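Worksheet: one structure, shown below.
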Amino acid sequence: MAGLAKYRQLIKEFGAVADFLVVYIEEAHPTDGFYIAGTVDIPSHRNVKDRLAAARYLLELEPLNCPVVVDSEEGPARELYTAMPERLFIILEGHIVFHGGPGPLQYKMEEVEQWLAVWKNSHPQ
């Protein structure tokens with residue numbers, strides 16, 4: 001995920017008022033597909049077992065302080081949220097209240113930060 005350092009900062013800053021979750025959809029730049037030199041060496045997933053192994057490997061490289069789940073082989077998260085390659089959402093009480101642009105070029109972590117700051121300030125604990 002582009003901006004992983006910023007994502008970690010958001011978890012730290014807003015973890016008391018928001019739950020954070022990463023859904024690993026599929027590898028954006030697999031070694032046997034649209035590979036970009038300098039990215040991780042992960043081939044396309046043939047099944048959920050491959051996807052789980054890739055997610056574990058990525059977490060070894062870049063640990064996160066939030067849950068990470070893996071999309072199923074059929075890819076419902078990818079389809080429902082048009083989430084490939086990356087997408088940021090805020091879901092409140094079962095409704096999408098923030099839908100970021102496709103990443104890594106069109107989403108802005110700062111927009112998520114602003115939304116969460118407004119929410120936090122308007123809902124003191």
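Residues: numbered from 1 along the sequence shown. Every value quoted in this text rests on a predicted model; they were computed, and no experiment measured them.
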Under the side-chain contact (heavy atoms from CB on, under 4.5 Å) rule, what do Glu74 and Glu79 come out as? Steps first, then yes or no, please. CA-CA 9 Å; Glu74 295 78 28; Glu79 297 301 319; over 6 Å; no
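- Atoms CD and CD, from Gln114 and Glu110 in turn, are 7.5 Å apart once rounded to the nearest 0.5 Å.
- When all heavy atoms are compared, the tightest approach of Val48 to Ser72 is CG2-C, 4.0 Å.
- Between atom CG of residue Leu116 and atom CZ of residue Phe98 there is a gap of 9.0 Å, rounded to the nearest 0.5 Å.
- Of all heavy-atom pairs spanning Val40 and Tyr57, the tightest one is CB-CE2, 4.3 Å.
- Taking every heavy atom of both residues into account, Pro30 and Pro43 meet most closely at CB-C, 3.7 Å.
- Under a hydrophobic clustering in which Ile, Leu, Val, Met, Phe, Trp and Tyr are joined whenever their side-chain heavy atoms come within less than 4.5 Å, directly or via other members, Leu59 and Leu10 fall into the same cluster.
- For Leu92 against Trp119, the heavy-atom pair with the smallest separation is CD2-CZ3, 3.9 Å.
- Of all non-hydrogen atoms in Ser44 and Asp32, the two that sit nearest each other are N-OD1, 2.7 Å.
- Applying the ring-ring contact (aromatic ring centres under 6.0 Å, His included) rule to Phe89 yields the partners Tyr81, His99; only residues at least two apart in sequence or on another chain are considered.
- In this structure, Asp50 CG and Glu27 CD are separated by 12.0 Å, a value rounded to the nearest 0.5 Å.
- Judged purely by atom type and a 3.5 angstrom limit, Arg51 uses its side chain to pair as donor or acceptor with the backbone of Asp71.
- Residue-environment remark: CG (Asn47) exceeds the threshold of 12 foreign heavy atoms within 6.0 Å.
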Determine, stepwise, if the pair Lys6 / Val112 fulfils side-chain contact (heavy atoms from CB on, under 4.5 Å). CA-CA 11 Å; Lys6 181 67 174 177; Val112 173; over 6 Å; no
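- For the salt bridge (charged side-chain N to carboxylate O under 4.0 Å, His left out) test, residues two or more places apart in sequence or in another chain that qualify with Arg8 are Glu62.
- Leu4 and Phe14 fall within a single hydrophobic cluster, where Ile, Leu, Val, Met, Phe, Trp and Tyr side chains are chained together by heavy-atom contacts under 4.5 Å.
- In terms of hydrophobic clustering, with Ile, Leu, Val, Met, Phe, Trp and Tyr side chains grouped at heavy-atom distances under 4.5 Å, Leu88 and Val68 are assigned to a common cluster.
- The shortest heavy-atom contact between His95 and Glu93 is ND1-O, 3.0 Å.
- Taking CZ from Arg78 and CZ from Arg87, the interatomic distance works out to 13.0 Å, rounded to the nearest 0.5 Å.
- Linking ILVMFWY side-chain heavy atoms closer than 4.5 Å, directly or via other members, places Leu61 and Ile42 in a single hydrophobic cluster.
- A 6.0 Å sphere centred on CG of Asn65 holds no more than 12 heavy atoms belonging to other residues, nucleotides or ligands.
- The distance from the CD atom of Gln9 to the CE atom of Met109 is 10.0 Å, given to the nearest 0.5 Å.
- Separation of atoms CZ (Phe20) and CD1 (Ile90) is listed at 8.0 Å; rounding is to 0.5 Å.
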